[in-house]
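Take a look at the structure below.
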Amino acid sequence: MNQIIRGSSLPFLVNIRKCKIGTSALLQLHCCSSVPESDKFLNVRQVFDEVPDLNVVSATSIIGGFAKQNRYEEAIYLFSRMLLLNIRPSEFTFGTVIHSATALKDLHLGKQFHACATKVGLQSNVFVGSAILDLYTKLGNSIAEATRVFEDTHQPNVVSYTTMICGLLKKGMFEDAIKIFQEMPERNVVSWNAMIGGYSQTGHNEEAVNLFIEMLRQRFVPTHSTFPCAIIAAANIAALGMGKSFHACAVKFLGKLDAYVGNSLISFYAKCGSMEDSLLVFDKLGERNIVSWNAVICGYAQNGRGEEAIEFSERMRVTGIRPNSVTLLGLLWACNHTGLVDKGYSYFNQARFEDPNMLKPEHYACMVDLLSRSGRFKEAKEFIHDLPFDPGVGFWKALLGGCQIHSNTELGEFAARKIQALDPEDVSSYVMLSNALSAAGKWDNVSTIRREMKDKGMTIVPGCSWIEIRSKVNVFVTGDRNHHLNDEIYMILGSCTEQIRQNEASNFLIEY
């Protein structure tokens, strides 16, 4: 049988019976084929037809080859041809096609493969079970389906456990995830990374940091994927000393830092207020991308150094890197924190005219915040009115925040009622309005607001702050007197308060 298979440049004339071409070579020729899209399944079908003595091993090898080329639809089509040819699939065949359904985000198709595997009695095989588990954790609506598959899998391995943990963390079921993690007969770096990343990405930063330290104690070597999650978690709790230790650890284990780890360190130092260290990491980073530049720009903005953020963005433009939506957001923050209203407006309008797709709701919200904080309420209100979409809670909170700063109670009440209509359970809007009314001396209105909160059973979440001393993070909550150095802290605080009063009195006398 002679078949012409067209490659990228020259046609290949292959005599299947004479040269007995192997399945992998045949697959390579077909994968580089340039047949029209409409004929691709006909061409793929010929792959099976051209292989002599096709069996489950050769069929699975061909299907796996297409899957590795990310040609999932063709792989699934060949699986259906395999069934028509009465070739019984193996656990490796099912593992491949179920992964293809997951890659195509086709849950319905994956469920059909699950049913097919059950029919031939392979659903409990660890290889098949892990693939089905991955399908349900990534695409399923309920974790219950994944749990049933996990429980049905015979002797689940580290891949099965790690997949189940990822699914639980994705659903916010942290206690169940840590229970499965503790029950694992063996762990690897991937399972540790899943736990650390899951906690870090969902705001459980202290737990992520503690897990990373426990990972090191158990002598697991972190990878390039481990460090960013641990470093970001340390940044979110402003643990400067701890993060520096993680930085040293990264240099020890990884040597040269890639952009992914380097960018997380730039953000870490910036969030901790150490822009000098942030710039030092940036300057030493061999491979920089837009994320690296944005990390510095946003770092300057968050630390109230707006002019330097703008200067750094100009330096970025000179290198030829095109700003993106994160760059613009960083520049708007920078203008916001330094009161550069007109400059911020110019950046926003430039993006609106040159690249409207760059603008996201957060950019519009930042503009409302910028105008409100500077007391330009008329413009802020008009800006909200002219939005190309319905404003959410964040927009009215931005307006209310400006009203609180400038004691604009009339507009503040209007914004607060808008927030309460969109989110009746939002406590912050009541607190912000109450503060604005207090600043304006409208105590009757303040009493009304507080009474309304009490009637609705609303409780104010106490403010929290922390400081790191000698690598130990000390947390303080409003009204909390449980710190072991409570007496000493309040004694120093009283001394500082008294000194401030004396200085104010001295200044008054001098002016008088």
Side-chain angles (χ1 to χ4, degrees), residues 224 227-229 231-240 243-244 246-247 250-251 256-374 398:
H224 285 273
F227 282 102
C229 294
I231 291 166
I232 290 167
N236 289 336
I237 57 175
L240 181 60
K244 283 184 174 180
F246 293 171
H247 185 177
V251 173
K256 187 178 180 181
L257 304 182
D258 64 6
Y260 193 37
V261 179
N263 292 341
S264 64
L265 283 168
I266 294 169
S267 294
F268 161 74
Y269 284 116
K271 283 186 176 181
C272 291
S274 182
M275 283 306 301
E276 290 70 25
D277 288 321
S278 182
L279 281 171
L280 192 62
V281 175
F282 178 86
D283 291 335
K284 287 186 176 181
L285 199 61
E287 180 190 348
R288 296 176 194 150
N289 53 27
I290 184 65
V291 179
S292 316
W293 289 89
N294 285 343
V296 177
I297 292 168
C298 293
Y300 273 130
Q302 289 165 353
N303 286 281
R305 296 164 68 171
E307 294 286 357
E308 289 160 288
I310 293 168
E311 288 174 11
F312 203 79
S313 71
E314 295 302 325
R315 178 180 158 190
M316 183 186 81
R317 287 177 184 273
V318 171
T319 64
I321 296 179
R322 184 180 176 82
N324 61 12
S325 60
V326 178
T327 317
L328 176 61
L329 194 61
L331 290 172
L332 292 177
W333 282 345
C335 295
N336 197 342
H337 290 180
T338 49
L340 300 172
V341 184
D342 294 329
K343 189 75 173 175
Y345 232 138
S346 67
Y347 282 126
F348 182 85
N349 287 329
Q350 184 181 356
R352 182 157 53 182
F353 291 123
E354 294 180 2
D355 189 4
N357 293 327
M358 186 187 291
L359 295 176
K360 305 291 188 293
E362 51 265 33
H363 298 104
Y364 288 93
C366 201
M367 279 304 302
V368 174
D369 193 35
L370 176 62
L371 293 168
S372 302
R373 283 177 179 270
S374 60

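Nothing here was measured: the structure is a model prediction, and the numbers come from that model. What's counted below: heavy atoms across the whole structure, side chains too, no hydrogens, waters or symmetry copies. Along the sequence shown, the residues carry numbers beginning at 1.
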Locate the shortest heavy-atom distance separating [X] from [Y]; write the atom from each residue and the value.
{"X": "L328", "Y": "A351", "answer": "CD2-CB, 3.7 Å"}
{"X": "V368", "Y": "S372", "answer": "O-OG, 2.7 Å"}
{"X": "L370", "Y": "Y345", "answer": "CD2-N, 4.4 Å"}
{"X": "Y260", "Y": "H224", "answer": "CD2-O, 3.9 Å"}
{"X": "S292", "Y": "L285", "answer": "OG-CD2, 3.8 Å"}
{"X": "P323", "Y": "M358", "answer": "O-CE, 3.6 Å"}

Mind listing the side-chain donor-acceptor pairs of residues 264-274 below 3.5 Å, one per line with the distance, residues two or more places apart or on another chain?
{"unit_1": "S264", "atom_1": "OG", "unit_2": "V261", "atom_2": "O", "d": "2.6"}
{"unit_1": "S267", "atom_1": "OG", "unit_2": "N263", "atom_2": "O", "d": "3.4"}
{"unit_1": "Y269", "atom_1": "OH", "unit_2": "H247", "atom_2": "ND1", "d": "2.9"}
{"unit_1": "K271", "atom_1": "NZ", "unit_2": "N236", "atom_2": "OD1", "d": "3.1"}
{"unit_1": "S274", "atom_1": "OG", "unit_2": "D277", "atom_2": "OD2", "d": "2.6"}

Handout entry: Derivation and outcome, salt bridge (Lys or Arg N to Asp or Glu O under 4.0 Å), residues R322 and E354
Key = CA-CA 12 Å; R322 184 180 176 82; E354 294 180 2; 5.9 Å; no
Exercise for the section: Evaluate the side-chain proximity of S278 to M275: yes if any heavy-atom separation is below 4.5 Å, no if none is. Expected result: yes
Problem - Minimum side-chain heavy-atom gap E308-F312 below 4.5 Å - result: no
What pairs of donor and acceptor atoms, side-chain ones from residues 331-340 against any protein atom, are under 3.5 angstrom apart with sequence neighbours left out?
{"unit_1": "N336", "atom_1": "ND2", "unit_2": "D369", "atom_2": "OD2", "d": "2.8"}
{"unit_1": "H337", "atom_1": "ND1", "unit_2": "A301", "atom_2": "O", "d": "2.6"}
{"unit_1": "T338", "atom_1": "OG1", "unit_2": "A334", "atom_2": "O", "d": "2.6"}

Problem - Q350 atom CD: more than 12 heavy-atom contacts under 6.0 Å - result: yes
Handout entry: Atom NZ of K256 with >12 non-hydrogen neighbours under 6.0 angstrom
Key = no
Measure the spacing between [atom1] of [X] and [atom2] of [Y] and express it to the nearest 0.5 Å.
{"X": "I290", "Y": "T319", "atom1": "CD1", "atom2": "OG1", "answer": "8.5 Å"}
{"X": "W293", "Y": "R288", "atom1": "CH2", "atom2": "CZ", "answer": "6.0 Å"}
{"X": "R352", "Y": "N357", "atom1": "CZ", "atom2": "CG", "answer": "14.0 Å"}
{"X": "C366", "Y": "L359", "atom1": "SG", "atom2": "CG", "answer": "11.5 Å"}

Problem - Check: F348 ring centre within less than 6.0 Å of Y364 ring centre - result: yes
Exercise for the section: Go through the structure and list residues passing side-chain hydrogen bond (donor to acceptor under 3.5 Å, both in side chains) with N324, not counting sequence neighbours. Expected result: N294, T327
Exercise for the section: List the steps, then state whether side-chain hydrogen bond (donor to acceptor under 3.5 Å, both in side chains) holds for N349 with S346. Expected result: CA-CA 5 Å; N349 287 329; S346 67; over 6 Å; no
